[in-house]
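What follows is a short report on a single structure.
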Amino acid sequence: MIRVRFAPSPTGYLHIGAARTALFNWLYARKIGGTFLLRIEDTDLQRSTDESTRSIIEGLHWLGLDYDEELVFQSANADKHRAAALRLIEAGKAYRDFTPKAERADANVKQEIAERARAASHTGTDHRSNPFRDLSSQESESRAAAGEPFAVRLKVAREGLSSFVDAVYGAQERDYAEIEDLVLLRSDGHPLYNLSVVCDDIEMRITDVIRGQDHLTNTHKQILIYEALNASVPRFAHLPLILAPGGKKLSKRIHGEIVSLTTYRDAGFLPAAVCNFLALLGWSPAGVQFAATSTPGNEEVPVDPRVGELMSLREMIDNFSLERIHRNPAIFNFDANNPKRWTDDKLLWMNAHYIRTLPHEELLPLVRAELEASRLWREEYAGDRRDWFARAVDLIRERFYTLKDFSGQGRAYFGDEFEFDEAAVKKNLQKEPRLKELLPVLAARIDQTEPFTQETCEASLRACAEETGVKAGLFINAARTALTGQAVGPSMFEVFDLVGRDASARRLREAVRLI
RNA sequence: GGCGCUAUGGUGUAAUUGGUUAACACGCUGCCCUCUCAAGGCAGAGAGUACGGGUUCGAUCCCCGUUAGCGCUACCA
């Protein structure tokens, strides 16, 4: 039985990279009928927040990634982790380190580490030079009993090689000389990350660890802990990281909201689109396109009924495999200075595609939620005007990118309170002063149109244009702005039909004041 | 500093595991459609696969080096 887990630390919001890790774990579990677990790694009590935990759970729920079994909080297992460390001391596989704790300035830890390493290589000190490593157990115990504070470190063998086969990155090796006697337990008794993950993964009977590539080199340390604990080592699969444009690190601190999953939810993205996009960052389904011909002159033959990039969660599950995850980091492309490109182009396109192609039963509830949030929803859209509502959504969704557009650009379809786009007013209304007189004429015409359909509206408008000696286009464009506030939109006669006779005529008359 | 990972158009990815005019999607340009804007259709531009060496009849693919980016290197996770 395959068991995988997603184990985020609850600091800040859910990062899109983390969301992708969750997705891959979930896809893998669902693909092979395994179990997908969620564990909150709140070992660092200073930085962990309940709010963050909530946003992680909400985020996964929003994406549709349901987890099996009980949610696990790592902090709840701290006692077990401590006990494991103590057991290792007794077994002689770990030792007490009485060296006083060195304070580190949080700001530039990385530099400090590098400098420390540089100094160590100059003086020739190696990773096994800790004076407490070979302290007799009697002395170690008596000092501990006397109340002297100590950290617990794993006793890494002096010679040897750690190795494992990563499902994505292949064979990995690391000389023990590169690995220090890592701290398992802090002197204040708190278990550290490497110990905690291993203990929890053992306890949760995790068989496959799928996580970000940033954990690749530390995996060797964790394997050492598994071995010391006499536990079987799980399979590992590391995922390439997601980087910012220019190949730089994509960080919460520098890039802000753009990396937060909630940003996309709040901006009107569909979970299906986000999942689809994320899945394609670092993975691609087999047979995504036509195979090259084997011999020149042969006809192009599709290998497979073409599997496109557009996939539902179901299709992603069916096509998923660890083998097709690749190793190079993906760049999440966006331009912070360009509002039209505030996030990745392809994600934007994909979201628009989903909006315009999703079946009604899936899209309509989402539009309803958006309208409710903007106070544009009316109960009759679910009752008497059900068909009208579906028709309206169908008509306008064609050119929308996010759900927000239904309450933004699409506002005029659901109520009389809407904004006029300045450029549209200028271009379609003010440019032709005669419209001041012409619009009421058209309005009168619309009032008398019976029955009120696309066809009759078109006939009325064209007749009106002919009689007044202007081009139909002038009326059409003016009407678009008068009725919707926009310069762009669906075919105008359908808009008349949808907005209805009374509102159409009224808006045409009211638009006169804008000229 | 040490160790590790990665490198295919602007971006995401293909390339039957050494034989293709290096393919697809997004984006970009133009045309068609047209009442506008999209969508859709059609046609293009854009990489000779980071660079330099090998191995081979033949390298995107195998090996070595260089460069760049990233990761790890903590009593952070």
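First the proteins, then the strands, lettered A, B, ... as listed; each starts at 1.
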Practice problem: Taking the side chain as every heavy atom from C-beta outward, state whether I225(A) and L184(A) have any atom pair closer than 4.5 Å. | Solution: yes
Quiz prompt | Residue pair H190(A) / L185(A), side-chain heavy-atom distance below 4.5 Å | solution = no
Quiz item: Does R480(A) make a side-chain donor-acceptor contact with the base of C37(B), cut-off 3.5 Å?
Solution: no
Looking only at side-chain atoms of [X], point me to the closest of [options].
| X | options | value |
| --- | --- | --- |
| R153(A) | A74(B), G4(B), C75(B) | C75(B) |
| A330(A) | C35(B), G12(B), A77(B) | G12(B) |
| R356(A) | G40(B), G12(B), U6(B) | G40(B) |
| T217(A) | C76(B), G71(B), U36(B) | G71(B) |
| E41(A) | G69(B), A74(B), A77(B) | A77(B) |
| D345(A) | A74(B), C26(B), A7(B) | C26(B) |
| D214(A) | C72(B), C5(B), C70(B) | C72(B) |
| S491(A) | C5(B), C35(B), A74(B) | C35(B) |
| L216(A) | G4(B), A74(B), C75(B) | G4(B) |

By the 4.0 Å heavy-atom rule, please label [X] as base, sugar-phosphate, or nothing.
| X | result |
| --- | --- |
| A472(A) | nothing |
| T11(A) | nothing |
| P245(A) | nothing |
| E173(A) | nothing |
| K249(A) | sugar-phosphate |
| I113(A) | base |
| K221(A) | sugar-phosphate |
| S196(A) | nothing |

Quiz item: Of all of residues 181-193 of chain A, which get a heavy atom below 4.0 angstrom from RNA chain B, listed by number?
Solution: V183(A), R186(A), S187(A), L192(A), Y193(A)
Exercise. Give me the residues of residues 398-406 of chain A where at least one heavy atom lies under 4.0 Å from an atom of RNA chain B, by number, or none.
Key: E398(A), R399(A)
Practice problem: Give the dot-bracket string for RNA chain B, reading 5' to 3', where a pair is Watson-Crick or G-U wobble with both distances under 3.5 Å, ( ) marks pairs inside the strand, [ ] marks pairs crossing earlier ones, | marks a partner on another strand, and . marks unpaired. | Solution: (((((((..((((.....[...)))).(((((.......))))).....(((((..]....))))))))))))....
Self-check item: Atom-pair distance (CH2 on W342(A); P on U11(B)), nearest Å
Solution: 21 Å
Quiz item: H353(A) NE2 to G12(B) P: how many Å, rounded?
Solution: 21 Å
Quiz item: side-chain contact (heavy atoms from CB on, under 4.5 Å) with E51(A): which residues, sequence neighbours excluded?
Solution: T49(A), R54(A)
Quiz prompt | For L192(A), all residues meeting side-chain contact (heavy atoms from CB on, under 4.5 Å), sequence neighbours excluded | solution = V183(A), R186(A)
Exercise. On RNA chain B, check which nucleotide each of R341(A) and P100(A) is closest to and give me the residue with the more 5' one.
Key: R341(A)
Are any of [X]'s side-chain N or O atoms less than 4.0 Å away from OP1 or OP2 of [N]?
| X | N | value |
| --- | --- | --- |
| N328(A) | U8(B) | yes |
| K471(A) | C35(B) | no |
| N333(A) | C26(B) | no |
| K110(A) | C72(B) | yes |
| S284(A) | A14(B) | yes |

Quiz prompt | Inter- and intrachain pairs under side-chain hydrogen bond (donor to acceptor under 3.5 Å, both in side chains), touching residues 467-489 of chain A, at least two apart | solution = N428(A)-T481(A), R445(A)-E467(A), N477(A)-R480(A)
Exercise. Please determine, by modelled atom types, if N351(A) and T402(A) share a side-chain donor-acceptor pair under 3.5 angstrom.
Key: no
Quiz item: So, T11(A) versus S52(A): side-chain donor-acceptor pair below 3.5 Å or not?
Solution: no
Quiz item: Where does the angle between the aromatic ring planes of Y226(A) and F236(A) fall among parallel (under 30°), tilted (30 to 60°) and perpendicular (over 60°)?
Solution: perpendicular
Self-check item: Under 3.5 Å donor-acceptor, Q430(A) side chain and L514(A) backbone
Solution: yes
Exercise. Apply side-chain contact (heavy atoms from CB on, under 4.5 Å) to the pair K80(A) and E203(A), showing each step before the final yes or no.
Key: CA-CA 10 Å; K80(A) 290 179 187 166; E203(A) 169 134 353; 2.8 Å; yes
Exercise. Would you confirm whether the ring centroid of F24(A) sits within less than 6.0 angstrom of the ring centroid of F320(A)?
Key: yes
Quiz item: Do F98(A) and F132(A) have ring centres separated by under 6.0 Å?
Solution: yes
Practice problem: Please report the C-alpha distance between Y264(A) and W342(A) in whole Å, then the side-chain angles of each, then the deciding distance to 0.1 Å, and finally whether the ring pair (Phe, Tyr, Trp, His ring centres under 6.0 Å) criterion is met. | Solution: CA-CA 11 Å; Y264(A) 297 91; W342(A) 67 274; 5.6 Å; yes
Quiz item: Out of R211(A), R5(A), R235(A), which residue meets the salt bridge (charged side-chain N to carboxylate O under 4.0 Å, His left out) rule with D201(A)?
Solution: R5(A)
